[in-house]
Colleague: 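After the structure tokens below, expect a handful of questions from me.
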Amino acid sequence: MKHRNSSSEKISVKWIFVLCIPSFALGMLFTTRIWDPSMSDKQVASKQHLQQELKVVSDDCNKKQMLGQDKDIMGEVYKTHAAIHTLDNTISSLQMELAATRNSQKTGSSEHSPATSNSSTHDSSPKKKAFVVIGINTAFSSRKRRDSLRATWMPQGEDLVRIEKEKGIVIRFMIGHSILDRAIDAEEAQHNDFIRLEHVEGYHELSAKTKIFFTTAVAKWDADFYVKVDDDVHVNLGMLAATLARHRSKPRVYMGCMKSGPVLSQKNVKYHEPEYWKFGEDGNKYFRHATGQIYAISKDLATYISINHPILHKYANEDVSLGSWFIGLEVEHIDERNMCCGTPPDCEWKAQAGNVCIASFDWSCSGICKSVEKMKDVHERCGEGDGAVWSAMI
């Protein structure tokens, strides 16, 4: 009996030992999954508190950053808008130049394109660089007017060549065709100061002549400005050049004495507008436009006319037509009152006060009244001096 009891005791101890090992392992596994032995309760609480503080600081930083962004956002919008506007102007200028190049290539190969010399076709030479091209509107019957300008403010002979070469100022009488072409040919051989246009002369064709002048001038000269002036107006070239130079950096300039006269619906009156009904009710006025005695436009606008001249509408009055071609475009209208001074004593007083006029004429005659007789007197009393144009800063 004793032998049996001792044997059972040995077996019980053995099994106890075997059962203890897996029990210990199960306990360790249970403790590890439920409880992180590396953290106490206090440590867990501290970690949660730290996370909450970090979140508060992060939110505060985000709010401050957003406030700073709000302060700067309008400035950034304005900067972006300015950059886009500058880019748009650059692209517009490039498009104008590209279109002008294409247009000159087409007109150069066309028999019906405006002529730029005595011949009926374009020459193949490249366009000449210039600062300003001045076209003096004249007629076949106006030889004495042309001579009065040659004797006063318009350079002649070597001086005409020199002013073009040294100052970039090109001056030409612009004229079309008629049965009197031979007389102009002889005058051109003597003075070499004409630009011939593929245009039939006539008073009611001035709007068409203006389009053809700019188209022809753009095809022949690459200038910053193009000026149209009548042959009964006195001009101080130095003041004109200096004034234009102040606006040289602007892309689309339309300069002259801006006016807004009445639309005349009555027939058989001077400046009658057959299309008066387009301007609204009777008694309405035209939109602002430069008076036709003298005005200047920048290269982009002259190029625009050159490209689109077949579809630009012609009104009865040339100055109205020009102004209408720029409606709807981004154009800066410059009202330069020095381009419409009166004849003496008006321009004389201004010259004595140091405010030399760009151009002088009489409103009552739409030019200098009896200009052939009076041009020399106006030049002596209101002229800037023969040396002014050579010293003008361009």
Side-chain angles (χ1 to χ4, degrees), residues 100 103-104 107 112-116 130 132-140 142 145-146 170-178 194-221 223 225-233 235 240 244 252-259 261 270-275 286-329 331 333-334 339-340 359 361 366-367:
N103 184 65
S104 62
T107 55
H112 303 288
S113 61
T116 58
V132 57
V133 176
I134 302 173
I136 305 174
N137 186 35
T138 191
F140 282 90
S142 299
R145 284 188 177 184
R146 292 191 291 274
V170 179
I171 310 171
R172 298 287 190 275
F173 288 106
M174 56 170 171
I175 198 165
H177 294 285
S178 83
F194 280 91
I195 178 172
R196 302 299 296 274
L197 309 177
E198 284 296 330
H199 169 73
V200 178
E201 289 290 326
Y203 177 78
H204 295 292
E205 296 297 327
L206 290 179
S207 295
K209 186 176 182 179
T210 299
K211 288 199 295 184
I212 295 172
F213 163 64
F214 287 123
T215 301
T216 304
V218 166
K220 188 173 179 65
W221 291 282
F225 295 96
Y226 299 82
V227 172
K228 177 261 176 181
V229 59
D230 288 338
D231 61 4
D232 56 355
V233 173
V235 177
L240 174 62
L244 292 175
R252 289 171 292 278
V253 168
Y254 174 33
M255 180 188 299
C257 288
M258 299 295 165
K259 66 175 185 177
K270 193 176 183 179
Y271 308 127
H272 166 62
E273 178 57 74
E275 297 181 89
Y286 289 113
F287 41 79
R288 290 284 174 183
H289 61 278
T291 186
Q293 286 86 350
I294 180 173
Y295 51 74
I297 61 175
S298 56
K299 177 168 64 175
D300 280 3
L301 296 184
T303 303
Y304 174 82
I305 294 173
S306 173
I307 295 169
N308 298 285
H309 70 91
I311 59 172
L312 294 177
H313 186 69
K314 302 186 298 293
Y315 288 102
N317 301 301
E318 169 242 349
D319 52 358
V320 172
S321 296
L322 183 79
S324 72
W325 299 338
F326 303 147
I327 294 294
L329 303 182
V331 175
H333 290 57
I334 298 176
M339 295 179 78
C340 54
F361 57 88
S366 297

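Along the sequence shown, residues carry numbers from 1.
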Colleague: With rounding to the nearest 0.5 Å, note down the distance linking CD1 in Ile134 to CD1 in Ile171.
Modeller: 4.5 Å

Colleague: Counting distance only, does the side-chain N/O of Arg146 pair as donor-acceptor with the main-chain N or O of Ala139 below 3.5 Å?
Modeller: yes

Colleague: Heavy atoms only: give me the nearest Val218-Thr303 pair and the separation to one decimal.
Modeller: CG2-N, 4.1 Å

Colleague: Okay, side chain of His289, backbone of Phe287: is any donor-acceptor separation there less than 3.5 Å?
Modeller: yes

Colleague: Is the ring pair Phe173/Phe194 parallel, tilted or perpendicular, if the boundaries are 30 and 60 degrees?
Modeller: tilted

Colleague: Could you measure the distance from the CD1 atom of Ile212 to the CZ atom of Arg196? Nearest 0.5 Å is fine.
Modeller: 13.0 Å

Colleague: Between Thr210 (side chain) and Leu206 (backbone), is there a donor-acceptor pair under 3.5 Å?
Modeller: yes

Colleague: Can you give me the closest heavy-atom contact between Val133 and Ala217, atom names plus distance?
Modeller: CG1-CB, 4.3 Å

Colleague: So how far is it from Ser306 OG to Leu301 CG, rounded to the nearest 0.5 Å?
Modeller: 12.5 Å

Colleague: If every non-hydrogen atom of Thr215 is compared with every non-hydrogen atom of Ile305, which pair is closest and at what distance?
Modeller: OG1-O, 4.1 Å

Colleague: Atom OG of Ser324 and atom CG of Leu312: how far apart are they, to the nearest 0.5 Å?
Modeller: 7.5 Å

Colleague: For Lys259 versus Thr291, what's the shortest heavy-atom pair and its separation?
Modeller: NZ-OG1, 3.9 Å

Colleague: So how far is it from Ile297 CD1 to Trp325 CH2, rounded to the nearest 0.5 Å?
Modeller: 9.0 Å

Colleague: Check for a donor-acceptor pair, side chain of Tyr226 on one end and backbone N or O of Ala223 on the other, with a separation under 3.5 Å.
Modeller: yes

Colleague: Suppose we screen for salt bridge (Lys or Arg N to Asp or Glu O under 4.0 Å). Which residues come up paired with Lys228, at least two apart in sequence or across chains?
Modeller: Asp230, Glu318

Colleague: Regarding Ser298 and Arg252, do their side chains bring together a donor and an acceptor under 3.5 Å, going by distance alone?
Modeller: no

Colleague: Which heavy atom of Phe214 sits nearest to which heavy atom of Ala302, and what is that distance?
Modeller: CD2-CB, 4.4 Å

Colleague: So, using ring pair (Phe, Tyr, Trp, His ring centres under 6.0 Å) as the criterion, who are the partners of His333 when residues are at least two apart?
Modeller: Tyr254

Colleague: Looking only at heavy atoms, what is the nearest atom pair of Tyr315 and Ser207, with distance?
Modeller: O-OG, 3.2 Å

Colleague: Using the salt bridge (Lys or Arg N to Asp or Glu O under 4.0 Å) criterion, which residues pair with Lys209? Sequence neighbours excluded.
Modeller: Glu201

Colleague: Distance from Arg172 atom CZ to Ile195 atom CD1, nearest 0.5 Å?
Modeller: 8.0 Å

